[in-house]
Protein chains: 2
Amino acid sequence: MASIKDVAAEAGVSVATVSRVLNDHPSVSAGTRTRVLAAVEALGYRPNAVARSLRTDQTHTLGLVISDVLNPYFTELARSVEEEARALGYSVIIGNANERPDLQDHHVRNLLDRRIDGLLVSPTDGGSPLMLDAARAGTPMVFVDRWIPGVDLPVVRSDGRVAIHDLVAHLYGLGHRRLAIIAGPAATTTGRERVEVFRQAMGEFGLPLPDAYIGQGDFQAESGRRATERFLNLAEPPEVVFATDNLMALGALDAVRARGLRVPDDIALAAFDDIPWFVHTDPPITTIAQPTGELGRAAVRALVDLIEGRPPQSVTLPARLVVRRSCGEAASCPQAPRSTT
Amino acid sequence: MASIKDVAAEAGVSVATVSRVLNDHPSVSAGTRTRVLAAVEALGYRPNAVARSLRTDQTHTLGLVISDVLNPYFTELARSVEEEARALGYSVIIGNANERPDLQDHHVRNLLDRRIDGLLVSPTDGGSPLMLDAARAGTPMVFVDRWIPGVDLPVVRSDGRVAIHDLVAHLYGLGHRRLAIIAGPAATTTGRERVEVFRQAMGEFGLPLPDAYIGQGDFQAESGRRATERFLNLAEPPEVVFATDNLMALGALDAVRARGLRVPDDIALAAFDDIPWFVHTDPPITTIAQPTGELGRAAVRALVDLIEGRPPQSVTLPARLVVRRSCGEAASCPQAPRSTT
DNA sequence: ATGTTCTGTGGAATCGTTTACATGGCCGAT
DNA sequence: ATCGGCCATGTAAACGATTCCACAGAACAT
């Protein structure tokens, strides 16, 4: 593969001059510029990004460590991250942690070794020493979706507080009183927070949230299935199951179907995260939608600000309730939930 | 960040020696080895992958240029690729082409500039000059899922021939005669091939495939919707629509639902690619499943063989028909009650 | 004692860039 | 005419690793 030296020889100039036209440095005459460009063309020369990175100490690459690529929420996030990064002149390397802290560490280490310019992370746990060290060492980092309390980094996420409240109101309005929830890992902020807010919202309607109605999941389909089976085995099963992510909702649907039961007649189902398929499931699923694309873009902007020395902005965007049919039909649509406005 | 020089100084040896212990070269005494390792530990030293790559001309990185990350088929492919690559000591950089040839070129160029060791590609078109040049220049490359005829590279893909034949037989057995297909882009092998095989299989049952029953799609949901609308507007609409990928099937479902029609009573639907959601749609969708994970793994093995100088293997694995309820019930299973809500 | 082989280590070149500094020619101001 | 400054270009030193080669000393054979 042709190097800058070959181009220099071909154009009859020094490598410094070639480098200058390539980085369009002002002080190079029009004549040599065209001569160099011709040589570049003739040899099909492309600068070696590895060498360039070594010299400049910049890779123009962002790392994105994601909790689970098979989760449509995260793939949409990844897509918007890549798009915004590309628009700003950066590439993205994605590391899929599969909800496993050890894999997450593997990817963080790998990305750090590659000297990425900055890291976008949605932690699967409370933060490994490795990640905390990286943050402390000054690696530009931004949390997206999930974050680690006590670590002083910009956070880009959505706030489900109002939407969850709306959901509980919706369920209450439909006559449901026994509400169960499938939680995510307690080590994640989203795992904890969604349960907390749900419990609090229920409290405002005078409803208790007994421990038996809290299923422990891990944001993967299989755990949603197991938790739902356990609910269905209860002497007094819940009337509604709220799965705190889309994959656990899928698992819950599996479990209900395996029993020969029907949604929402036998048991109602609601989820967190909206995805295109939820419109087409049987029945369409009531869910809380996050502004996923906007989240990804905001996260990239914050990270690039950090990298390029501008003050980064933490961003919190509201999630909103999307009512479909999986929790039952309103009697006559007496009071529309406020989120539909 | 600490470099190899710092480690050398700390351990009181030369950089050459440090490098040797790091790459566990045999000729280094036990004493110095432990001394160096201690220094590494003390400084939290990590080798700079960029510098290493420049020197060794290897990045231990594979590029994967994928047609569409939002397509669950490709995300599953990407996941298996990453897993197998990791097992073999490689990282993967994913480039999402979004079914756009220009973006595909952007990513290929970017990956080449980064001097990846090899490229896995599922081309969105007939092959840009860039890609053909790269192949001709000897860049290790393997086609996965789709390929470009006339380019002499290993191909890892699945063969839907038998499965499509089975599908037509299934439809015929159910009494359907007017079958329509939503094709993928003619520039892709999978786009062309699925139509060809479908037409041929229909021929064997004495059925014609009129042009009006061939919708032109682009493997994205929206095109599936439009093609289906056109079918439904026909004086004599088809009895079955076969969408040649999962996203166009989603679009078709949208179109049918928008008309207030029902699957399979008013019109039947079949798809290519199986994904978890197809079990939960209303109704569950009859589809042709590819061994996606195995495809990804085989592709990585072929590519790594190529990179490391072993003879690579092209692989073709059979797809298989998965019958669900979206094409109607078999007569032998007389009207199992449809769960209508 | 001398020569040979081996072992562990260091010196220095190298990979392909960027960039600080030096240089030489030309121009305008004095 | 002389000088200072600018413009276009070249020289060479980095960046952080790997690796060829040289070399000192030990071990061994004669």
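The structure displayed is predicted, hence computed values, not measured ones. Residue numbers start from 1 in every chain, and the chains themselves are labelled A, B, ... in the order their sequence lines are given, proteins ahead of strands.
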Quiz item: What's the CG-C1' distance between B:Asp24 and D:dT18, to the nearest Å?
Solution: 14 Å
Quiz item: Within less than 4.0 Å of OP1 or OP2 of D:dT18, is there a side-chain N or O belonging to B:Arg52?
Solution: yes
Quiz item: What is the distance from CG of A:Asn48 to P of C:dG16, rounded to the nearest Å?
Solution: 7 Å
Quiz item: At under 4.0 Å between heavy atoms, what does B:Asp57 touch on the DNA or RNA strands: base, sugar-phosphate, or nothing?
Solution: nothing
Quiz item: With respect to the side chain of A:Ala16, which nucleotide from C:dG16, D:dT9, D:dT11 is positioned closest?
Solution: D:dT11
Quiz item: Does a side-chain N or O from A:Thr32 land closer than 4.0 Å to OP1 or OP2 of D:dT9, or not?
Solution: yes
Quiz item: Within the pair B:Ser29 and C:dT9, is there a side-chain N or O less than 4.0 Å away from OP1 or OP2?
Solution: yes
Exercise. Go through D:dG10, D:dA17, D:dA12 for me and flag the one nearest to the A:Val13 side chain.
Key: D:dG10
Exercise. State plainly whether the residues A:Glu76 and A:Arg79 are in salt-bridge range, i.e. N to O under 4.0 Å.
Key: no
Quiz prompt | Atom pair distance, as rounded to whole Å: CG in A:Asp6 and C1' in C:dG16 | solution = 11 Å
Quiz prompt | Nearest-angstrom distance from the residue atom NE2 of A:His25 to P of D:dG10 | solution = 13 Å
Quiz item: Does a side-chain N or O from B:Lys5 land closer than 4.0 Å to OP1 or OP2 of D:dC15, or not?
Solution: yes
Quiz item: Under 3.5 Å, is there an N or O donor on one side and an acceptor on the other linking the side chain of B:Arg115 and the base of C:dG16?
Solution: no
Quiz item: Nearest-Å distance, CG (A:Leu22) to C1' (C:dT17)?
Solution: 10 Å
Exercise. Report the distance from atom CD of A:Gln58 to atom P of C:dG16, rounded to the nearest whole Å.
Key: 21 Å
Practice problem: Can you measure from CD (B:Glu10) to OH (B:Tyr45) and round to the nearest 0.5 angstrom? | Solution: 13.5 Å
Quiz item: Separation of A:Leu54 atom CG from C:dT19 atom P, in whole Å?
Solution: 13 Å
Practice problem: Can you tell me the distance, in whole Å, between the CZ atom of B:Arg55 and the P atom of C:dT17? | Solution: 16 Å
Quiz item: Can you check whether A:Val50's main-chain N or O pairs, donor with acceptor, with A:Asn48's side chain at less than 3.5 Å?
Solution: yes
Quiz item: Under 3.5 Å, is there a donor-acceptor pair between the side chain of A:Arg192 and the main chain of A:Ala186?
Solution: yes
Quiz item: Looking at the side chain of A:Ser27, which of D:dT9, D:dG16, D:dT18 is the nearest nucleotide?
Solution: D:dT9
Quiz item: Taking the nucleotide of DNA chain C with the closest heavy atom to each, which residue, B:Val28 or B:Ala51, is nearer the 5' end?
Solution: B:Val28
Quiz item: Starting at the 5' end of DNA chain C, which residue's closest nucleotide do you reach first, B:Arg35 or B:Thr56?
Solution: B:Arg35
Quiz item: When we call it a touch if two heavy atoms are under 4.0 Å apart, what does A:Thr17 touch: a base, just sugar-phosphate, or nothing?
Solution: sugar-phosphate
Quiz item: Can you find a donor-acceptor N/O pair under 3.5 angstrom joining the side chain of B:Arg20 to the base of C:dG10?
Solution: yes
Quiz item: Out of B:Ile116, B:Leu303, B:Val300, B:Ile307, which residue meets the side chain to side chain contact (heavy atoms under 4.5 Å, CB included) rule with B:Tyr90?
Solution: B:Ile307
Quiz item: Would you find more than 12 non-hydrogen atoms of other residues, nucleotides or ligands less than 6.0 Å from B:Asp57 atom CG?
Solution: no
